[in-house]
Protein chains: 2
Amino acid sequence: MMVGYNPDDKIFHAVDCIIFGFNDEDLKVLLIQRDFEPEKGKWSLMGGFLKKVETLDDAAIRILNRLTGMQNIYMEQLYTFSEVNRDPVERTISTSYYAIINIEKHNEELIENYNAKWFSLSEVPNLIFDHNDMLDKAIKRLRRRTSISPIGFELLPEKFTMRQLQKLYETILDKELDKRNFINKINSMDILIKLKEKDMTSSTKGSFLFQFEKAKYDEKQTNSFYLKL
Amino acid sequence: MMVGYNPDDKIFHAVDCIIFGFNDEDLKVLLIQRDFEPEKGKWSLMGGFLKKVETLDDAAIRILNRLTGMQNIYMEQLYTFSEVNRDPVERTISTSYYAIINIEKHNEELIENYNAKWFSLSEVPNLIFDHNDMLDKAIKRLRRRTSISPIGFELLPEKFTMRQLQKLYETILDKELDKRNFINKINSMDILIKLKEKDMTSSTKGSFLFQFEKAKYDEKQTNSFYLKL
DNA sequence: TCAAAAGTGTTTATAATACACCCATGG
DNA sequence: CCATGGGTGTATTATAAACACTTTTGA
């Protein structure tokens, strides 16, 4: 036996996913009602144990997929929670990931199987363990990310109007934005293609649809946006 | 046995510390040369196993203290690394933490016991496992933090000159800064007290010493500095 | 014809950057 | 008396914020 590798120190490792969704109205988070112990009947984040031969990223993807049926979703590791008694059954550390998905695109059936439900951020109930802390951290991170890089298009349909995009930003940042300033800012980023089609559902006049130019977007993603002084 | 808690999935969990130091000259990182297996003789970050009854934060503090003798150090959790074969001996996940300390203040003796050495960032050798990745991530995070909040005073003596502070920022950001703009910016933050003493070692004229007003600093720390749009 | 949402530019304020000279002192 | 690092302020530019009216068309 190698020095330091003491089998008594082996512990469980879980992954919990904060799944954000958006539906033209509200920023929501997907929670499941547990039909298993511990804390059966209570609400929690969707999670699972890390397998012996699996990375955390893979586990997060697996867990998200199991609940939503979705693939190729933007996910990001958030933080690892390690309070000794956070899980009352066995010592378990949990790494949280957050994802942002389009609420329309998930698999309804799977969600029902898991007793899952979308909650507006203002209506989130008490969650098990430290899941409320995880959610708080995820919201903060999402806001920061949104302010500094053009994340969030995952939350919109492929073609969208400027007002939808603005609404999304306003919802994430929890703050009203000026219509003209917003458009100027987005245009200056030069990541959208203006289509000739209009969406006629929201007004009599109709509003132009935009699409998202992936190549340019990816450029922006890799650059650093802050780093001033 | 509770569903999901499969003892086969239990694994080791380690903590690795990226310890930054500064000595008027250079930003450095403290590495140890391993006199134990695996990878004996190679350089690595200082690390250790998480104990069964201990949080990650506590483990990070314990590990830092063991190597430097220091306490009450600013540390921050960075990221959790989980490649399946990152540790060739046993499946081990590692959470990295970074600390910034004053190079003068550590315990020389302890450092010698661990075959530890300070390396300039440009001279860091190949490290074991994924420790170079950890270091890269830490450097990025440190730069970002430095740009947006007045971190880094931990790296200076209690009383310091403006030029020392500027040098520190220049070193961390790897970028030259304008003397006057720097002073204006720092003054606008209103977190320093100008002392009547001068430091006479660096020039014939001498330069005023400053001290750091903790209360105001803490205020700034908790505010969010970015979040634009 | 009017209600409801879309679209569009300019002005002002704030923040970041660029820039050059005099000062004090020990050797 | 001069070499060395210390100290200081203003003008310019870039970015962010504030702000109001006209257009379209289905009901």
Side-chain angles (χ1 to χ4, degrees), chain A residues 24-25 143-144 146-150 156 159-171 173-211 220 223-229, chain B residues 24-25 143-144 146-150 156-157 159-171 173 175-211 220 223-229:
Chain A
D24 264 25
E25 279 297 315
R143 292 209 170 122
R144 228 179 307 149
T146 309
S147 329
I148 57 177
S149 72
L156 293 174
K159 299 171 183 180
F160 50 86
T161 68
M162 270 294 173
R163 307 329 286 311
Q164 281 180 291
L165 183 60
Q166 184 179 342
K167 193 85 212 296
L168 167 63
Y169 271 74
E170 289 181 332
T171 307
L173 299 177
D174 193 26
K175 182 179 173 180
E176 293 205 350
L177 300 173
D178 180 88
K179 192 163 54 161
R180 284 162 293 185
N181 291 342
F182 181 78
I183 290 176
N184 291 339
K185 180 125 193 174
I186 295 290
N187 282 339
S188 77
M189 289 180 174
D190 189 27
I191 50 172
L192 295 186
I193 304 168
K194 186 174 188 170
L195 302 175
K196 297 206 171 108
E197 301 169 64
K198 279 187 162 187
D199 171 284
M200 301 305 294
T201 62
S202 63
S203 74
T204 59
K205 188 180 179 182
S207 57
F208 281 103
L209 288 164
F210 290 80
Q211 214 170 3
K220 316 267 165 173
N223 295 344
S224 58
F225 279 79
Y226 30 167
L227 269 172
K228 307 202 172 173
L229 194 108
Chain B
D24 263 26
E25 280 295 314
R143 293 212 170 119
R144 230 178 307 148
T146 308
S147 327
I148 56 178
S149 73
L156 293 174
K159 300 172 182 180
F160 52 84
T161 67
M162 270 292 175
R163 310 327 290 307
Q164 280 180 292
L165 183 60
Q166 185 179 341
K167 192 86 212 299
L168 168 62
Y169 271 74
E170 290 181 330
T171 307
L173 299 177
K175 182 178 171 181
E176 292 204 351
L177 301 173
D178 180 89
K179 191 163 55 162
R180 284 163 293 184
N181 291 342
F182 182 77
I183 290 175
N184 290 339
K185 181 126 195 172
I186 295 291
N187 282 338
S188 77
M189 289 180 174
D190 190 27
I191 50 174
L192 296 186
I193 304 168
K194 186 173 187 168
L195 302 176
K196 296 202 172 116
E197 302 170 64
K198 280 187 161 188
D199 170 285
M200 303 304 295
T201 61
S202 62
S203 75
T204 58
K205 189 179 178 183
S207 57
F208 281 104
L209 288 165
F210 289 80
Q211 215 170 4
K220 314 265 165 177
N223 294 343
S224 58
F225 278 80
Y226 30 167
L227 268 173
K228 307 201 171 172
L229 192 107

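Just so it is clear: chains get the letters A, B, ... in the order the sequence lines come, proteins before strands, and each one is counted from 1. Any value given below was found using the heavy atoms of this structure, including those in side chains, with hydrogens, waters and symmetry copies removed.
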Closest listed nucleotide, where the reference is the side chain of N184(B) and the choices are dT8(C), dG9(D), dG6(D): dG9(D)
Under 4.0 Å protein heavy-atom contacts per nucleotide of nucleotides 19-27 of chain C, with B for base, S for backbone only and - for none: BB--BBBS-
Ring-face cation of K198(B) near F208(B) (centre distance under 6.0 Å, axis angle within 45°): yes
d(CD1, I186(B); C1', dG6(D)) in whole Å: 17 Å
With sequence neighbours excluded, residues passing side-chain contact (heavy atoms from CB on, under 4.5 Å) with N187(A): M162(A), I183(A)
Nearest-angstrom distance from the residue atom CG of L177(A) to P of dA16(D): 13 Å
Protein-nucleotide distance (K185(A), atom NZ; dA18(D), atom P), rounded to Å: 13 Å
Y169(B) side chain near L177(B) side chain, heavy-atom distance below 4.5 Å: yes
Atom pair CG (L192(B)) and CD1 (I186(B)), whose distance is rounded to the nearest 0.5 Å: 6.5 Å
Residues which pass side-chain contact (heavy atoms from CB on, under 4.5 Å) with S202(B), listed by chain and number, not counting sequence neighbours: D199(B), S207(B)
Closest non-hydrogen atom pair, D178(B) against R180(B): OD2-N, 3.0 Å
Separation of dG9(C) P from N187(A) CG (nearest whole Å): 11 Å
Length of the line joining R163(B):CZ and dG7(D):C1', which is rounded to integer Å: 9 Å
Spacing of L209(A) atom CG relative to dA6(C) atom C1', expressed in whole Å: 13 Å
Sugar-phosphate, base or nothing in reach of K167(A), heavy atoms under 4.0 Å: nothing
CZ on R163(B) to CZ on F182(B), rounded to 0.5 Å: 9.5 Å
M189(B) CE - dA16(C) C1' separation (whole Å): 13 Å
Given dT10(D), dA16(C), dG5(D), the nucleotide with the shortest approach to the side chain of S202(B): dG5(D)
Distance, rounded to the nearest Å, where F208(A) contributes CZ and dT25(D) contributes P: 11 Å
Residue S207(B), side-chain heavy atoms: nucleotide from dA16(D), dA16(C), dG7(D) that is nearest: dG7(D)
